[in-house]
Protein chains: 2
Amino acid sequence: MQGLTIQEAAQTTGWSPRMLRYIERAGLLELSRSESGYRLYGPEQLQRLRTLRELLARLNFGLSELGFALRLRREPLLRAEVDAWFDAEPERPEHVDPDDWLRWEQDKHEALIAASHTTHMEIA
Amino acid sequence: MQGLTIQEAAQTTGWSPRMLRYIERAGLLELSRSESGYRLYGPEQLQRLRTLRELLARLNFGLSELGFALRLRREPLLRAEVDAWFDAEPERPEHVDPDDWLRWEQDKHEALIAASHTTHMEIA
DNA sequence: CAGACCTTACCAAAGAATTGTCAAGGTTTA
DNA sequence: TAAACCTTGACAATTCTTTGGTAAGGTCTG
């Protein structure tokens, strides 16, 4: 039987079994199955799961967001429409006070979603 | 004073004033401001707001997801890491039962997140 | 100056995503 | 066969996002 069972995989990756199923369900990891339907985690899957943990923690986003990134790669139409929306007619806003981009100390949670946009735009 | 005020913009776009501020805060729309700090919505902004409504409804995703798409374009590092994760060593899973991809009638909410991956993969 | 706007900040209701847990039933292994 | 796994499905606690208010104070217009 090639690969670890879900419980073993959980131990070595730090995810709970519940989450491992969730991640699979979200389309973020493909698994092989044993004859009888058991999930089988190989070295590559384990590696990806560990990397995943790191990514989410380090870059500050969640599974649903990664799920959307996946949609963007799998659905060219979606990708196109989203790109189109972003690229539409920027029409220079005249009055963009640089203050607006430093005024980053505000509402408890609205700050969070906003913060994500600057997270990796260091002082530079 | 070039542009509609937030209340007027709300009326013609279908968003609430609260949401218009939220959208701006999320980095999804840049606005000019009047001398005294009032948000000014020009025709382009109004158009983008209407399009946005459509997009979200039609393609079935939310502001946070679009926010993440924005991060992906603005933060090349993030983009690179996410791409790298997706592209890592696919290691063919031997046993991918096509049933797994039709067994789409399940858990009340887990079905939803999963469904997003097939939404636009018609019968074809 | 009064009324009707606007601003930001905060609190909280409603919804959705995340995560645990348990039940009913099949598999593996000692 | 019994213990210790696995499967899927469901319910539910927790947490995060989305959305609406409301308060305190500034602006615009009559």
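Chain naming here is simple, since letters A, B, ... match the order of the sequence lines and numbering starts at 1 in each.
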Nearest-angstrom distance from the residue atom CE of B:Met19 to P of C:dG15: 14 Å
Within this structure, what is the CD-to-P distance between A:Gln7 and C:dG20, rounded to whole angstrom? 14 Å
Should A:Arg33 be listed as having a side-chain N or O under 4.0 Å from OP1 or OP2 of D:dT8? yes
When you match B:Glu65 and B:Arg21 each to their closest nucleotide on DNA chain D, which lands nearer the 5' end? B:Glu65
Of the candidate nucleotides D:dT7, C:dG20, D:dG20, which contains the atom at the shortest distance from the side chain of B:Ser16? D:dG20
Can you tell me how far P of C:dA14 sits from OH of B:Tyr22, to the nearest Å? 18 Å
Is a side-chain donor or acceptor of B:Trp85 paired with a backbone partner of A:Leu55 at a separation under 3.5 angstrom? no
Looking at A:Ala10 and A:Ser16, what are the two nearest heavy atoms and their distance? CB-C, 4.2 Å
When rounded to whole Å, the CG to P distance for the pair B:Leu4 and D:dC28 reads 16 Å
Over how many whole Å does the gap from A:Ile6 atom CD1 to D:dT8 atom C1' extend? 11 Å
Verify the distance criterion only: is there a donor paired with an acceptor across the side chains of B:Glu8 and B:Thr5 at less than 3.5 Å? yes
Given D:dT19, C:dC6, C:dT18, the nucleotide with the shortest approach to the side chain of B:Leu63: D:dT19
Of the nucleotides C:dA17, C:dC6, D:dT19, which has the atom closest to the B:Tyr38 side chain? C:dC6
Between C:dT28 (P) and A:Glu8 (CD): distance, integer Å: 14 Å
Can B:Glu65 and A:Arg71 be counted as an ion pair, charged N to O under 4.0 angstrom? no
OP1 or OP2 of D:dC28 versus the side-chain N and O atoms of B:Ser36: is any pair under 4.0 Å? yes
Looking only at heavy atoms, the pair that brings B:Asp83 and A:Arg73 closest together is OD1-NH2, 3.6 Å
Euclidean distance, atom CG of residue B:Leu56 to atom C1' of D:dT17 [Å, nearest integer]: 14 Å
Using a cut-off of less than 4.0 Å, is there contact between a side-chain N or O of B:Arg39 and OP1 or OP2 of C:dC6? no
A:Glu24 CD to D:dG9 C1', in whole Å, measures 15 Å
Which nucleotide in C:dT19, C:dT7, C:dT18 has an atom nearest any side-chain atom of A:Ser64: C:dT18
